[in-house]
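Just below is one structure, and these are the notes that go with it.
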2 protein chains.
Amino acid sequence: MAAPRLPTAQKSGSAAKAPRSRIQKRNRQIILDAALEVFSTHGFRGATLDQIATQAGLSKPNVLYYFDSKDAIHRDLLTRLLDTWLDPLRMMNPAGDPQAEIMAYMRRKLELSRDFPRESRLFANEILQGAPRIESFIRDDLRPLVDDKAQLLNEWAKAGRIAPIDPYHLSISIWALTQHYADFAAQIAMIRGDGHDALEGAETFLGALYTRLLAP
Amino acid sequence: MAAPRLPTAQKSGSAAKAPRSRIQKRNRQIILDAALEVFSTHGFRGATLDQIATQAGLSKPNVLYYFDSKDAIHRDLLTRLLDTWLDPLRMMNPAGDPQAEIMAYMRRKLELSRDFPRESRLFANEILQGAPRIESFIRDDLRPLVDDKAQLLNEWAKAGRIAPIDPYHLSISIWALTQHYADFAAQIAMIRGDGHDALEGAETFLGALYTRLLAP
DNA sequence: ATCAAGTTTGACCATCCAGTCAAGAAGCTT
DNA sequence: AAGCTTCTTGACTGGATGGTCAAACTTGAT
């Protein structure tokens, strides 16, 4: 029940109301939590303010007292999410050991899937819809970062420190595999039996997979 | 523009209206095509009959002349999809060469992502929502098939013909990687530059990945 | 050409939904 | 306790949405 929470990521530029009182802080958090639950399973259009209000244990007008609109709640959630989503890739260290760095990146992404599955599904929903709200994030933030790390991977490959593989597909494969455990958790749970955790054995498997793939 | 179409998959049990006239056949197909487009990007609740009607170039009442309800259209699409979705796994041949069979399975899944990306996103949307409409399919059809093939993979591993890996995670990895190219196409396109096809180089990469993973 | 069956649609309805508002309840400060 | 601010909500509105219906239009067989 006690889901971990993303850091608040107070963006200086955005017009976020700073929570003044204790009640403000508490209720805004409750609403974001409820909204995350609803948006991540039904998508933006499929979610209703009534659902969010009910989930939050508040009345609908009360929800709109804390946020200007349904859209504002959604934007807030996305803003917090996106920053966190880049961290694992940012942390990849050019000076480190190539294989260890890539494995650590994979492991950090898997941790995000484990700890923030709802955020992962929120992101997935957004991309499925054609990424209309986060296009600028992908072009302006994610892409340059990926390009940068792709260059790094190419250098590592050229130096013979990892196998010569397409760095973009390598990144994509890590996103695909780690996200899948969160986004398709419902399917995995039904197939592996309800007693099992979807992520059981995932790290071992992915460890073996990338060890074999990266070996020069 | 000429998107390939799934086989009609006339389920004997379901209460599907058999198209009588040429017009019936044509318009039902147009509607399904339009609905696939809309449902796959917005999800069930996010899609509207007006959107579907506009996309189909028909009036809303006319759409409802061919299908009983929004739900009926959605059910019809899912039914056609699910049957096709199992085929690649069904085709895995116990008598064949293990590595070749698994590679062929991966390649067939990748072809589905290439040829039916909208169907892939429809499926993804369904799972994201917790798979409420296809739970019985997963439990009664997919799961037994996966269990069966998992046993086969275990036998192959025990015989030393492939590396000893968890067969469930192997299957999950193939689903994750192939689906991702369809479901996250928007993101991939933005990162790889709009000139590139999302699937460019995917087969080569996945070929290398599974060759290295499976080698005994 | 005629007629019955199949097809199409404008007008309509009930419900849902995001968002408003004014008035009341609860906190906070003195 | 008074008085001010913050919080909460019942009642409401305008527009969207799934679905209906009867009347009109096509189509095809004779």
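Because the structure is predicted, anything quoted here is derived from the model rather than measured. Convention: sequence-line order gives letters A, B, ...; per-chain numbering from 1.
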NE2 (H74(B)) and CG (N125(B)) are apart, to the nearest 0.5 Å, by 7.5 Å
Please state how far atom NZ in K25(A) lies from atom P in dG27(C), giving the value in whole angstrom units. 20 Å
Between atom CG of L177(A) and atom NE2 of H169(B), what is the distance when rounded to the nearest 0.5 Å? 11.0 Å
Quickly work out the F39(B) CZ to dG18(D) P distance and round it to whole Å. 9 Å
Between dC21(D), dG10(D), dC17(C), which nucleotide has the shortest distance from any of its atoms to the side chain of P61(A)? dG10(D)
So, does Y65(A) get its side chain near the phosphate of dC7(D), meaning an N or O under 4.0 Å from OP1 or OP2? yes
Both conditions, 6.0 Å and 45 degrees, for the charged tip of R118(B) above the ring of F39(B): are they met here? no
Side chain of Q24(A), heavy atoms from C-beta onward: which of dC7(D), dG19(C), dT8(C) has the nearest atom to it? dC7(D)
Pairwise 5' ranking along DNA chain C for R22(A) and N27(B), keeping only the more 5' one: N27(B)
Side chain of I23(A) only, please: which of dC7(D), dG19(D), dG19(C) is the nearest? dC7(D)
In the structure I gave you, are the side-chain heavy atoms of V63(B) and K70(B) within less than 4.5 Å of one another anywhere? no
Under 4.0 Å between any heavy atoms, over every strand shown, what does A47(A) touch: base, sugar-phosphate, or nothing? Just pick one. sugar-phosphate
Report yes if at least one side-chain N or O of N62(B) is closer than 4.0 Å to OP1 or OP2 of dT7(C); otherwise report no. no
The side chain of K70(A) lies closest to which of these nucleotides: dT17(D), dG19(C), dT7(C)? dG19(C)
Should the side chain of K60(B) and the base of dG18(D) be counted as holding a donor-acceptor pair, with the cut-off at 3.5 Å? yes
Could you check which of dT9(D), dC7(D), dT7(C) has an atom nearest any side-chain atom of S59(A)? dT9(D)
Measure from CG on D71(A) to P on dA18(C) and round the result to the nearest Å. 12 Å
Euclidean distance, atom CZ of residue R28(B) to atom P of dT7(C) [Å, nearest integer]: 11 Å
Atom pair distance, as rounded to whole Å: CG in L49(B) and P in dT15(C): 18 Å
note: D50(B), atom CG; dT20(D), atom P; distance rounded to Å ~ 15 Å
Ring-face cation contact, Y181(B) with R114(B), 6.0 Å cut, 45° max: no
Picking from dT20(D), dT17(D), dA11(D), the nucleotide nearest the side-chain atoms of L64(B) would be dT20(D)
Nearest whole Å is fine: how far is dG18(D) P from F67(B) CZ? 16 Å
In terms of the nearest nucleotide of DNA chain D, which residue is placed more toward the 5' end: T48(B) or R26(A)? R26(A)
Please tell me if R45(A) has a side-chain N or O lying less than 4.0 Å from either OP1 or OP2 of dT17(D). yes
